[in-house]
Number of protein chains: 2
Amino acid sequence: MKIEEALALLKEAGYKYTDKREMILTFFANEDRYRTAKDLLAYLEPHFEGISFDTIYRNLHLFNQLGILESTELNGEKNYQMSCAKHHHHHFICKDCGLTKEIHACPMDRLPTELNNFVIDDHKFEIYGLCPHCQQ
Amino acid sequence: MKIEEALALLKEAGYKYTDKREMILTFFANEDRYRTAKDLLAYLEPHFEGISFDTIYRNLHLFNQLGILESTELNGEKNYQMSCAKHHHHHFICKDCGLTKEIHACPMDRLPTELNNFVIDDHKFEIYGLCPHCQQ
DNA sequence: ATGTAAATAAGAATAATTACGGTTTATAAA
DNA sequence: TTTATAAACCGTAATTATTCTTATTTACAT
């Protein structure tokens, strides 16, 4: 997702434009991988001295809720990256650098009949390993 | 996995037998679902007044490492259940009661060639929803 | 210009987990 | 059966990630 698209989404949903929000989006737009709240804070700190945790977390939540960011949990920490959705897909995630690669196959396509009596709300399919770059 | 089997594994790996460890295993043996450290503590507390966090977490780690317990992360909390491994499989997990159901289909069977240059260490496939009982 | 709801800062609170120093205990060998 | 020793344990403090609270500031529609 592009920054402009995200800003439009924000405006449409009645949220305000702020320079911090723009910079948060810039951060994620320039990264093709999952990043933590801490990573984001480190990026914002030099530009906005004294920026608060609250701002970080509130916006991560909001953006996630609006579908601007997608999230996953990697060793006990929530990680976010710019949403590449529109079409449903899953991810390979590099354990070293956090780089992601879309996987278009989805195991839910042919679901086992064993789950006939279960209500299915959600699923998670992720592959972990090392990207070509981090293998060296 | 049965308690005896787990105790044998412990002994074989050179760890000591203690009454607390036996009760931890009893707890998980009687549950067919993922449980948190807190759940375990609540169960042990009446039997061992003043049992420490350290004991809980140290043993959860150890058991997980030995393959006695498997773990997953559900809304920011680590959850454990008795390992049902031997054969590779995945889980349906009830969001209400934590009940699990094995799924024998594995999406890694036919991996997309897109990942040819990636080293794959691990993967996660979980389906979340409501079990028949919790739908009422 | 101005009113209002949203956004923010600052820091305290919470929740899960880990770490540390001192004591007890399971186990094996004398 | 005593004894030595490493493992297990307790009590508690520290850490880490995250959320909450209150007062203040700001974007933006009117």
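Chain identifiers are assigned alphabetically (A, B, ...) following the order of the sequence lines, protein sequences preceding nucleic acid strands; residue numbering begins at 1 within each chain.
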Which of the following nucleotides, D:dA8, D:dC10, C:dT8, is nearest to the side chain of B:T18?
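Closest nucleotide to the B:T18 side chain: D:dA8.
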
field: Residue B:F53, side-chain atoms from C-beta onward, closest of C:dT18, D:dG11, C:dA9
entry: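 The listed nucleotide nearest to B:F53's side chain is C:dT18.
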
For B:F53, look at atom CZ and say whether over 12 heavy atoms of other residues, nucleotides or ligands are found less than 6.0 Å away.
-> no

Phosphate-side-chain proximity, [X] and [N], N/O vs OP1/OP2 below 4.0 Å:
| X | N | result |
| --- | --- | --- |
| B:T36 | C:dA16 | no |
| A:H61 | D:dT18 | no |
| B:K20 | D:dA8 | no |
| B:R58 | D:dC9 | yes |

Whole angstrom value for the distance that separates [atom2] of [N] from [atom1] of [X]:
| X | N | atom1 | atom2 | answer |
| --- | --- | --- | --- | --- |
| A:L44 | C:dT8 | CG | C1' | 13 Å |
| A:E73 | C:dA15 | CD | C1' | 14 Å |
| A:Y57 | C:dA7 | OH | C1' | 18 Å |
| B:E45 | D:dC9 | CD | P | 15 Å |
| B:I51 | C:dT17 | CD1 | P | 16 Å |
| B:E77 | C:dT18 | CD | C1' | 15 Å |
| A:I56 | C:dA7 | CD1 | P | 15 Å |
| B:L41 | D:dC9 | CG | P | 14 Å |

With nearest nucleotide decided by heavy atoms, which residue, B:Y17 or B:A37, maps closer to the 5′ end of DNA chain C?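 Mapping each residue to its closest nucleotide by heavy atoms, the 5'-most match is B:A37.
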
* Going by modelled atom types, is there a donor-acceptor pair between the base of D:dA6 and the side chain of B:K16 at under 3.5 Å? ->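 Yes.
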
Donor-acceptor pair present, B:D54 side chain and D:dC9 base, under 3.5 Å
no

### DNA chain D: 5'-proximal contact among A:Y15 and B:G50 (nearest heavy atom)
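Result: B:G50.
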
Count I, L, V, M, F, W, Y as connected when their side-chain heavy atoms are under 4.5 Å apart, and connections chain through other members. Are A:L74 and A:F92 then in the same cluster?
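No, because A:L74 and A:F92 fall into different hydrophobic clusters, even though each may have its own neighbours under 4.5 Å.
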
Is it possible for you to say whether A:F63 and A:Y17 belong to one hydrophobic cluster, with membership spreading through side-chain heavy-atom contacts below 4.5 Å? yes

Interatomic distance, NZ@A:K38 vs NZ@A:K78, rounded to 0.5 Å, equals 14.5 Å

Can you confirm whether the side chains of A:H104 and B:E114 place a donor and an acceptor under 3.5 Å from each other?
no

